[in-house]
Amino acid sequence: MSTNPDNQKPVEPSDVEAAAPTTFSAITQRWKREDSIKKASPITRGLALLFSILAFVIMVSNKHGPGRNFDEYEEYRYVVAIAILATLYTAWQTFVHLSKRDFFDRRTSIFVDFSGDQIVAYLLISAASSAIPLTNRFREGQDNIFTDSSASAITMAVLAFVSLALSALFSGYKLSTTHSFV
């Protein structure tokens with residue numbers, strides 16, 4: 001029988017043996033969680049890339065005659081501009097992840113991921129929320145292919161936002177578990 005460092009009570013050998021499986025199980029659970037996050041992060045960025053491309057393509061193709069062209073409305077042009085920005089950002093992040101190249105040190109790279117995900121996600125939800133009232137106003141008069149296309153592009157921007165928001169959560173987790181602060 002041995003004693004613990006605080007000299008409070010003796011540690012029985014059976015206590016040490018009972019604690020070993022719990023410790024091992026906690027370690028393997030953490031490894032599984034970290035592995036899941038490593039897999040989920042590129043998937044959420046890939047989805048954001050897909051949705052932002054769709055938002056761009058749907059909105060740009062939304063031209064149906066005078067008064068029914070996306071480029072006549074500031075709100076829809078904003079959606080297009082942010083969809084282009086989100087597409088470029090997520091394409092770059094996907095390329096960096098798939099190429100496994102390090103352009104910065106690990107901590108800086110994770111911080112750029114975290115910040116970029118948040119900024120682009122905010123811009124996406126901002127663009128979508130600016131276009132929703134205009135689309136709703138148009139729908140009060142009539143539902144047609146122009147308002148349906150606008151609503152579809154807005155939906156794709158919102159889905160891109162959700163994907164990047166999840167990616168930001170994963171990036172935040174990675175940032176909080178990175179140990180080197182220098």
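S52 and T87 form a side-chain donor-acceptor contact under 3.5 Å, judged by distance and modelled atom types alone. Between the side chains of Y89 and Q93, a donor-acceptor pair is found at a separation under 3.5 Å.
Under a hydrophobic clustering in which Ile, Leu, Val, Met, Phe, Trp and Tyr are joined whenever their side-chain heavy atoms come within less than 4.5 Å, directly or via other members, I53 and V60 fall into the same cluster. In the hydrophobic clustering of this structure, F51 groups with I43; members are Ile, Leu, Val, Met, Phe, Trp, Tyr whose side-chain heavy atoms approach within less than 4.5 Å, directly or through other members. Both Y78 and V158 sit in one connected hydrophobic cluster of ILVMFWY residues. Membership requires side-chain heavy atoms under 4.5 Å apart, directly or through other members. The cluster map of Ile, Leu, Val, Met, Phe, Trp and Tyr, joined by side-chain heavy atoms under 4.5 Å apart, puts I84 and V57 in the same cluster. Cluster membership for L49 and V79, using ILVMFWY side-chain heavy atoms within less than 4.5 angstrom, is shared.
Between atom CZ of residue F114 and atom OH of residue Y173 there is a gap of 14.5 Å, rounded to the nearest 0.5 Å. The structure places CZ of F161 at 11.0 Å from OH of Y122, a figure rounded to the nearest 0.5 Å. Considering CZ of R45 and CG of D117, their distance stands at 4.0 Å, rounded to 0.5 Å. One finds the CG atom of L50 at 4.5 Å from the CG atom of L54 (value rounded to the nearest 0.5 Å). Atom CZ of F111 sits about 7.0 Å away from atom CG of L175, to the nearest 0.5 Å. For the atom pair CD of E75 and CD1 of I154, the computed distance is 9.5 Å after rounding to the nearest 0.5 Å.
F95 and W92 have tilted rings, their planes meeting at an angle from 30° to 60° on a 0 to 90° scale.
Across R139 and A151, no two heavy atoms sit closer than the pair NH2-CB, 3.6 Å. Among all heavy-atom pairs drawn from F70 and F146, the shortest one is N-CE1, 3.8 Å. Shortest non-hydrogen contact noted between A157 and A128 is CB-CB, 4.2 Å.
In this structure a side-chain-to-backbone donor-acceptor pair under 3.5 Å is missing from N69 to E72. S149 places a side-chain N or O within donor-acceptor distance of the main-chain N or O of I145, the cut-off being under 3.5 Å.
Of the candidates I125, T90, T44, T90 is the only one forming a side-chain contact (heavy atoms from CB on, under 4.5 Å) with L164.
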* Would F138 and S150 satisfy side chain to side chain contact (heavy atoms under 4.5 Å, CB included), going step by step from the backbone distance to the final call? -> CA-CA 10 Å; F138 285 151; S150 300; 6.0 Å; no
* Asked: Could you go step by step and tell me if Y73 and L134 meet the side chain to side chain contact (heavy atoms under 4.5 Å, CB included) rule?
  -> CA-CA 9 Å; Y73 302 99; L134 180 65; 3.7 Å; yes
* **Steps toward side chain to side chain contact (heavy atoms under 4.5 Å, CB included) verdict (H64, N144)** => CA-CA 10 Å; H64 303 285; N144 56 37; over 6 Å; no
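Taking a cutoff of 4.0 Å between a charged side-chain nitrogen and a carboxylate oxygen, D113 and K174 do not qualify as a salt bridge.
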